[in-house]
Each structure stands twice: as structure tokens, then as C-alpha cells.
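Input: a single structure, listed below in C-alpha cells.
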Number of protein chains: 4
Amino acid sequence: MVGTDTPRRGRPRSADADEAILAATLAVAGEVGFRSMSMDVVAERAGVSKTTIYRRWSSKEALVLEALRRAINPLDDVDLGSVRADLETYMAELGQRMHHGKMSDLLPHLIDVATQDPQLRCQLDDYVAQRRAPVIAILERGRARGEVRRDVDLALVADVVIGPYVYRRLLTGAPLDGEVAAELLGVVLPGLRPV
Amino acid sequence: MVGTDTPRRGRPRSADADEAILAATLAVAGEVGFRSMSMDVVAERAGVSKTTIYRRWSSKEALVLEALRRAINPLDDVDLGSVRADLETYMAELGQRMHHGKMSDLLPHLIDVATQDPQLRCQLDDYVAQRRAPVIAILERGRARGEVRRDVDLALVADVVIGPYVYRRLLTGAPLDGEVAAELLGVVLPGLRPV
Amino acid sequence: MVGTDTPRRGRPRSADADEAILAATLAVAGEVGFRSMSMDVVAERAGVSKTTIYRRWSSKEALVLEALRRAINPLDDVDLGSVRADLETYMAELGQRMHHGKMSDLLPHLIDVATQDPQLRCQLDDYVAQRRAPVIAILERGRARGEVRRDVDLALVADVVIGPYVYRRLLTGAPLDGEVAAELLGVVLPGLRPV
Amino acid sequence: MVGTDTPRRGRPRSADADEAILAATLAVAGEVGFRSMSMDVVAERAGVSKTTIYRRWSSKEALVLEALRRAINPLDDVDLGSVRADLETYMAELGQRMHHGKMSDLLPHLIDVATQDPQLRCQLDDYVAQRRAPVIAILERGRARGEVRRDVDLALVADVVIGPYVYRRLLTGAPLDGEVAAELLGVVLPGLRPV
DNA sequence: GATTAACCGAGACGGTACGTCACGTCTTTAA
DNA sequence: TTAAAGACGTGACGTACCGTCTCGGTTAATC
């Protein structure tokens with residue numbers, strides 16, 4: 001049985017407020033964009049005071065990041081029996097989200113702010129790890145099946161798969177659809193085969 | 001008559017001011033970061049009025065971008081005779097710059113702003129193309145030498161090489177030193193070989 | 001049964017808390033001034049919660065006013081046998097307190113707030129009456145001795161004596177030391193003599 | 001001919017803005033009271049940004065004080081030929097204003113804030129001096145005519161006249177109408193007569 | 001040489017959002 | 001029922017930065 005370590009004194013923070021704030025954040029941001037979203041408007045929409053927001057999040061960006069993390073469904077960790085099939089599925093989904101997802105719209109902004117805000121940096125790292133995890137899992141299963149060389153650094157391979165998506169999305173604007181994904185795998189997979 | 005398109009009446013713009021502003025931009029940004037850099041401070045440091053700055057650049061970001069382009073030496077397009085050797089050289093240099101360079105410090109910010117500023121978007125695209133060009137050149141030479149399959153999309157391969165750098169730099173913080181670069185090539189190059 | 005009107009149920013109020021709050025009020029106010037004194041700080045200093053304070057006093061000003069009334073010793077009602085001697089003694093003491101006393105430091109603030117708070121207005125009136133009482137007493141004794149005309153309004157005379165102190169203290173900053181007090185009496189007393 | 005000492009560089013401050021701000025201050029304050037008047041509302045009403053206000057006045061109180069000084073017509077320095085007549089006229093007017101004037105409504109507040117704001121303190125002193133000046137002038141003329149003793153401190157007498165008004169207005173609430181004013185003079189004037 | 005057009009510095013300006021503060025109330029658990 | 005702790009709504013505060021505008025004054029090319 002997990003103990004509620006600290007009995008907590010004083011009035012507890014309202015869980016409703018948490019919910020309302022995060023919901024309002026997504027709603028307002030969806031309408032005007034995160035960049036133009038103001039804390040006053042979020043507070044008003046949430047039926048909450050700014051104080052209450054700042055008591056929970058240290059800055060606008062911290063709030064936005066958490067709102068997004070809640071809004072994001074984790075990528076399913078499908079297992080179709082081969083590295084190629086698994087990665088194709090994953091990459092299709094990733095491509096979708098990179099193109100249409102809310103997160104990718106403001107990734108640059110979050111990264112930017114995280115540069116000078118260690119706390120935000122941590123939260124962002126969590127998010128990234130969560131995104132990378134499925135790829136690593138796929139590769140590990142592949143290795144167990146003998147599809148992947150033992151001596152290859154799986155973390156690096158994961159970055160080779162995800163990196164181009166981020167790069168294209170943020171800097172070149174080029175898409176990474178299913179066809180291109182297949183070609184990418186055509187380049188990468190041969191280098192993973194044992195011997 | 002050499003085509004100085006417009007003869008221009010009135011007092012010509014001061015070239016000194018251009019220099020001073022760009023220098024001040026780099027100096028101030030180096031001290032407090034681009035995000036915290038204010039135009040007022042840049043103007044003061046350059047011994048120039050804000051009017052003079054805005055007469056030349058349309059926004060803070062446009063200024064910053066030009067300042068950076070000046071500060072960046074192009075990556076040399078070395079030719080050592082093999083794709084592997086060329087890419088290793090290129091990647092070593094890229095890793096260096098990604099880690100210590102001024103540009104990478106504010107890439108996120110520029111990307112962010114470019115989201116809503118088409119003009120900046122263009123300038124940024126130029127920069128990116130300039131960075132990608134050497135990789136494509138290397139791969140084309142490799143193809144000419146028969147080292148690289150004819151049917152592979154070189155632009156995609158370039159993104160596979162550069163993507164992980166950007167990704168690690170912006171999101172995971174993991175380094176990409178010479179050793180890792182070699183391993184990356186170990187994964188990617190086999191997939192490029194003909195037949 | 002002796003009339004403790006309400007038998008009171010539940011936990012009784014802590015008398016210690018009263019003391020601690022009033023002491024903390026004077027202490028904090030003495031350090032930062034009443035205007036900058038915050039209720040949170042007082043509560044913390046007193047080792048008491050804000051709730052406990054507000055259960056006893058309806059507002060910051062009400063608290064402050066009571067704290068001051070406790071801190072103020074009444075002016076002694078000396079009787080030296082002549083109006084001049086009595087007033088000189090009274091005015092010397094008044095001058096002292098006006099200059100160094102805590103009360104005069106925040107009179108303006110209390111007055112200000114009393115403008116819109118009838119309850120505080122009453123408490124303040126009590127305080128004022130208490131200050132004026134000795135002067136009226138002095139003048140009445142003088143009248144009984146035949147030193148003062150029967151047809152003069154003693155309340156008005158009291159205001160003529162006290163008024164300049166308040167005025168100087170609040171608005172001009174000029175002092176009212178013994179010498180000046182003597183001169184003031186030199187101006188006022190002749191007009192009080194019978195016939 | 002008076003030289004415009006400083007040639008002034010940069011864009012000059014808008015005189016219209018000054019006017020608009022002060023007018024808005026009086027208007028808004030007249031509607032909701034000075035205490036409830038907010039700077040945002042004043043700015044909006046004046047068609048001006050808050051920055052522009054704070055560039056001219058360091059605080060809400062400083063602004064209010066200047067607005068009032070502009071709104072206040074100086075007390076006329078009537079000369080009816082006798083100290084008694086002149087003072088009666090002055091006191092009647094002073095009594096009026098003390099009762100109905102805007103200034104007296106917020107004197108306490110200004111005094112209070114001036115306690116911790118030296119700049120405001122100065123402005124307030126100016127105002128006070130301006131109010132006292134007529135009384136001193138009256139007394140000096142009386143002295144020139146031989147109505148007033150040479151050895152009496154006129155500044156003190158002025159305070160004896162004005163002090164009770166301030167005192168009553170701020171602390172006791174008692175009025176000082178014409179009748180009472182006459183009685184006050186009945187008390188004070190005998191003490192001023194030569195020999 | 002006078003005119004004119006564009007430049008330059010200084011700095012005021014409108015706008016928009018920021019994050020903070022204090023008051024007095026409310027909601028918990030503990031005594 | 002009171003107490004301590006502390007979250008909460010309200011409402012204002014003063015600041016920061018952006019990009020624009022308005023001055024007086026300067027610097028060429030043109031007339």
C-alpha cells in the first residue's frame with residue numbers, strides 16, 4: 001500500500017482548478033496560438049485568478065508544456081513481429097503528428113525558453129524521452145529476434161530515425177510521408193543486419 | 001556605366017552604422033542570450049538610434065539572422081576521395097559548431113519566430129540550404145564514383161546525416177562526437193552501396 | 001451564577017494570541033511603517049494564522065488602531081494651579097509625542113481609511129476625544145478660578161491649542177517646541193481673560 | 001529676454017498628453033473617488049498609455065497631487081483694510097473649501113503616502129505654502145498698519161488660524177462656520193494687539 | 001550656392017503582456 | 001468551536017520590450 005507520505009496541512013490545491021487551467025490553456029491556444037495566448041485570458045477562461053496559475057507553474061511556458069503533455073496520447077508500442085513493420089507504423093504516426101499536432105507548432109518556442117529555464121528543460125526532456133521510448137523498444141525486440149546487430153548503439157539509431165523528422169519539420173519544411181519513410185528505412189536497416 | 005541601380009539622393013546610409021549594429025548584436029546576444037537581448041540595448045551599445053536599426057532590418061529577428069550569417073564561416077567542401085572520409089570531416093566540423101557555435105544557441109528562437117514571419121522564414125531557409133549543400137555535394141561525388149546507389153534520394157540521406165545533430169542539440173542534449181559519428185556512418189553507409 | 005453572559009461552546013480563544021498579534025503589529029510597523037506592513041507578515045511574526053487575526057479585528061486598520069491604543073499611555077492631567085502652567089506642561093508632552101510617537105506616524109493613514117470605514121471612524125474619534133479631554137479639563141478649572149471668560153467656547157480653544165500641532169506635524173513639518181509653545185500661549189491667553 | 005536654456009533633443013513630450021492625463025485624472029476621480037481610481041482607467045480615458053503617465057509622474061499619488069493643484073483656484077488675497085475683516089473673509093472661504101473641496105477628501109491619503117515619498121512630500125509642501133501665504137500677507141499688512149505687534153511670529157499665528165481647520169476637518173469632524181470663525185478671532189486677535 | 005531628400009541621434013509614444021503584491025475569504029486537518 | 005496552514009478571487013501595481021513617430025540637425029547629390 002502506498003503511503004500518502006505527507007499528511008498535508010492547510011487547504012489543498014483545487015484539482016478542479018488544475019483541470020480548468022489546463023483545459024483553458026489548450027482552448028485559448030487552439031484559437032489564437034500559443035504565442036499570442038495571454039495569461040490573463042487563460043485565467044479568465046478558466047475562471048481562476050492569475051495568482052492561482054502562477055502558484056502552480058512558474059511561467060507561461062511551463063504551463064503550456066504541461067498542457068501539451070496532457071493533450072498528447074502516447075504513441076502505441078505496436079509489435080508486428082519485424083523491425084521494419086514496427087518502425088513503419090511508428091513513423092507513419094510520428095509523421096502525422098509532426099504535421100498536424102499542436103506540439104510541433106510550438107516545440108521551437110519551448111526549446112527556446114528551456115534554454116534559460118532549467119525546470120522547463122527537465123519537463124521537456126521527459127517529453128522527449130517518452131517519444132523516443134517506443135523506437136528503442138522496437139529495436140530491442142529486433143535485437144532479441146536477431147534482426148539487429150548486438151554491437152550497435154540503439155539510442156543512436158533511434159536518433160537517426162527521429163532526427164530527420166524533427167529536422168524537416170523545424171527547418172526545411174520537407175514532408176516525411178510513408179514513401180519517404182520506406183526509403184529511409186531502406187537506407188538505415190541494411191546497416192543494422194548482423195554480419 | 002556600372003549598374004548602381006538607383007543613384008540615390010540625400011545622405012547615404014552610414015556603412016559604419018551597419019557594422020556597429022551587427023557587432024553590437026553579436027556582443028549583447030553573447031552576453032545575455034538572444035531572447036533577453038533588447039533592441040534598446042543593442043542601439044545604445046552600437047552608438048546608434050533605434051530608428052537607424054529599423055531602417056535597415058524589419059524586426060529583431062531579421063537583424064539577428066543577418067548578424068549570424070555574417071558570423072558564420074561556411075563549412076569547407078573538402079574532397080578526400082571517399083564518401084566516408086568526406087562525411088567524417090564534415091560531421092566533425094558540424095558537431096563542433098553545434099556545440100559551441102552561436103547559431104545553435106538561438107536556432108530555436110529563430111525557428112519559433114519564423115513560424116509567423118514569412119520573410120524570416122525565407123532567410124532561414126537560405127541558411128539551412130547553405131548548411132546542407134556540402135553534404136549533397138559529397139554524396140553526388142560519391143555517386144559519380146560509384147560508391148552510392150543511383151536510386152537513392154540524396155536529399156533524404158543528407159537529412160539522415162544532419163537530422164540527428166539537430167535533434168540531439170535541440171532536444172536530447174546528447175553529444176555527437178567523432179566516435180558516435182563513425183558509428184552513425186557505420187549504420188548509414190551500408191544502405192547506400194550499389195546492389 | 002455570575003453573568004458570564006454566553007457560556008461559549010467549543011475551544012476558547014487564546015488570550016496569548018491577542019497579545020502576540022498586537023505585539024507583532026507594533027514590532028513590524030515599527031520596522032517598515034504601517035503602510036508597508038502586511039497582514040501576512042504580522043501573522044507569521046505572531047506565530048498565528050491570518051484567520052485568527054481576522055476573527056478578532058475586522059480590518060488591518062482596526063488592528064493597527066487597537067495596537068496603538070494599547071501602546072499609548074494617556075497624557076497625565078496635571079494641575080499646577082494656572083492655565084498657563086498646565087497648558088505649557090501639556091503642550092510640552094504633546095510636542096514630544098507628536099515628534100517621536102508611533103501614533104503620529106500613521107495618523108494620516110488611519111484618517112484616510114476612516115474616511116470610508118465608519119467603525120474605524122468611531123475608534124479614531126475615541127482616540128481624539130481622549131487626547132482633547134485634558135485640555136478641556138484645564139480650561140474648565142481655569143474658568144472655575146476666574147482665569148477664563150465664561151462666554152468662550154472651550155472646545156474651540158482646545159482646538160486652537162491642539163490644531164497647530166496636528167497641522168505642523170502633518171503638513172508643514174515645522175516643530176512646536178517649548179519656546180514656540182510659550183509664544184502660542186502668549187497669543188491665545190490674552191483673548192481668554194475675563195473682561 | 002529669457003533664453004530657452006536647454007535646446008532639448010529628441011521628441012518633445014506632448015503637451016496634449018499632459019492635459020489629457022490631468023483632465024482624465026480629475027474626471028475619473030470625480031466619478032469613483034481617488035482611492036478607487038486606477039491608473040489603467042485614467043490611461044484609457046486620456047487616450048494614452050500607462051508608460052506615458054509614469055514617464056511624467058512617479059506614482060499615482062504624484063499624479064493626483066498635480067491634478068489637484070491645477071484644479072484649485074488660489075484663494076484670493078483680499079484686502080479690506082483690517083486684519084479681522086481680511087481673516088474673516090479668508091476663513092469663510094477656507095471653511096467652504098475644507099468642507100466641499102476635492103482636495104480635503106484626499107489630503108489624508110496624500111499626507112500618508114508623502115511619508116515615504118520625498119518627491120511627493122515636496123509637492124505637498126508647495127501646496128501648503130500656497131495656502132498659507134495669504135494669511136501671512138494679511139498679517140504683514142496688519143503689522144504695517146500697526147494692528148499687530150512687531151514681536152509676534154506671524155508664521156505661528158497663521159498656523160493658529162489654519163491649524164484648527166485642518167484638525168477639525170481631519171479628526172473631529174466639527175465644522176468651522178462663520179460664527180465659530182468669529183469667535184476664534186475673538187480669542188486670537190487680542191493677543192496680537194500692540195502693547 | 002541654394003535646395004532638397006534622405007539620413008541620423010535622441011527619446012517620447014501606444015500597445016500588450018508580464019509577473020507580483022496585499023487584502024480579506026474560504027477550506028482543509030488537528031486540537 | 002477555535003486554531004494553523006495555506007489556497008483562492010479580486011484588483012491594481014509598476015515594468016519591459018516592441019516597433020513607430022517626431023523632433024532638431026547633418027550630409028550629400030541636384031538644381
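No experiment lies behind these values; they were computed from the predicted model shown. Each chain gets a letter, A, B and so on, in the order the sequences are listed, and its residues count up from 1.
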Requested in this report: Sequence neighbours left out, what passes side chain to side chain contact (heavy atoms under 4.5 Å, CB included) with D:R55? Give chain and number order.
Outcome: D:R13, D:T51, D:T52
Query - Closest nucleotide among E:dG19, E:dC18, E:dC8 to the B:R11 side chain - result: E:dC8
Query - With B:R11 via salt bridge (Lys or Arg N to Asp or Glu O under 4.0 Å) - residues at least two apart - result: none
Query raised in the report: Considering only side-chain heavy atoms of C:K60, which listed nucleotide, E:dG19, F:dC8, E:dG24, is closest?
Result: E:dG24
Query raised in the report: Reckon C:R56 touches a base, only the sugar-phosphate, or nothing at all at heavy-atom distances under 4.0 Å?
Result: sugar-phosphate
Query raised in the report: Taking the side chain as C-beta and beyond, is there a heavy-atom pair between A:L22 and A:L26 under 4.5 Å?
Result: no
Query raised in the report: Nearest-Å distance, CD1 (C:I21) to C1' (F:dA4)?
Result: 12 Å
Query raised in the report: With no angle test and no hydrogens, is the base of E:dC7 tied to the side chain of B:R13 by a donor-acceptor pair under 3.5 Å?
Result: no
Query raised in the report: Residues in salt bridge (Lys or Arg N to Asp or Glu O under 4.0 Å) with A:D16, at least two apart?
Result: none
Query - D:S58 or B:M39, whichever maps to the more 5' nucleotide of DNA chain F - result: D:S58
**Report entry** Test salt bridge (Lys or Arg N to Asp or Glu O under 4.0 Å) applied to D:E44 - qualifying residues, sequence neighbours left out
**Finding:** none
Report summary line: D:Y54 atom OH is separated from F:dG14 atom C1', nearest whole Å, by 5 Å
Query raised in the report: Considering residues at least two apart in sequence or located in another chain, which fulfil the side chain to side chain contact (heavy atoms under 4.5 Å, CB included) criterion with D:A46?
Result: D:A20, D:I21, D:A24, D:V48
Query raised in the report: Tell me the side chain to side chain donor-acceptor pair (under 3.5 Å) pairs involving residues 19-30 of chain C, sequence neighbours left out?
Result: C:E19-C:R70
Requested in this report: Mind running a 4.0 Å heavy-atom check of residues 40-53 of chain B against DNA chain F and sending the residues that fall below it, in number order?
Outcome: B:D40, B:K50, B:T51
Report summary line: When A:E61 and D:A17 are each assigned the nearest nucleotide of DNA chain E, the 5'-most assignment goes to D:A17
Requested in this report: Kindly calculate the angle separating the two end axes of the helix from E:dG1-F:dC31 to E:dA31-F:dT1, each obtained from five base pairs, and round it to 10 degrees.
Outcome: 10°
Report summary line: Separation of F:dA12 atom C1' from D:L63 atom CG, nearest Å, is 15 Å
Query raised in the report: Want to settle it: does D:S59 or D:G10 sit nearer the 5' end of DNA chain F, counting the closest nucleotide to each?
Result: D:S59
Query raised in the report: Does the side chain of B:R45 reach to within under 4.5 Å of the side chain of B:E31, using non-hydrogen atoms?
Result: yes
Requested in this report: Please name all residues satisfying salt bridge (Lys or Arg N to Asp or Glu O under 4.0 Å) with D:K50, sequence neighbours left out, ordered by chain then number.
Outcome: D:D40
Query - Protein-nucleotide distance (D:E19, atom CD; E:dC13, atom P), rounded to Å - result: 14 Å
Query raised in the report: Given E:dG24, F:dA28, E:dC8, which nucleotide is nearest the side-chain atoms of B:P12?
Result: F:dA28
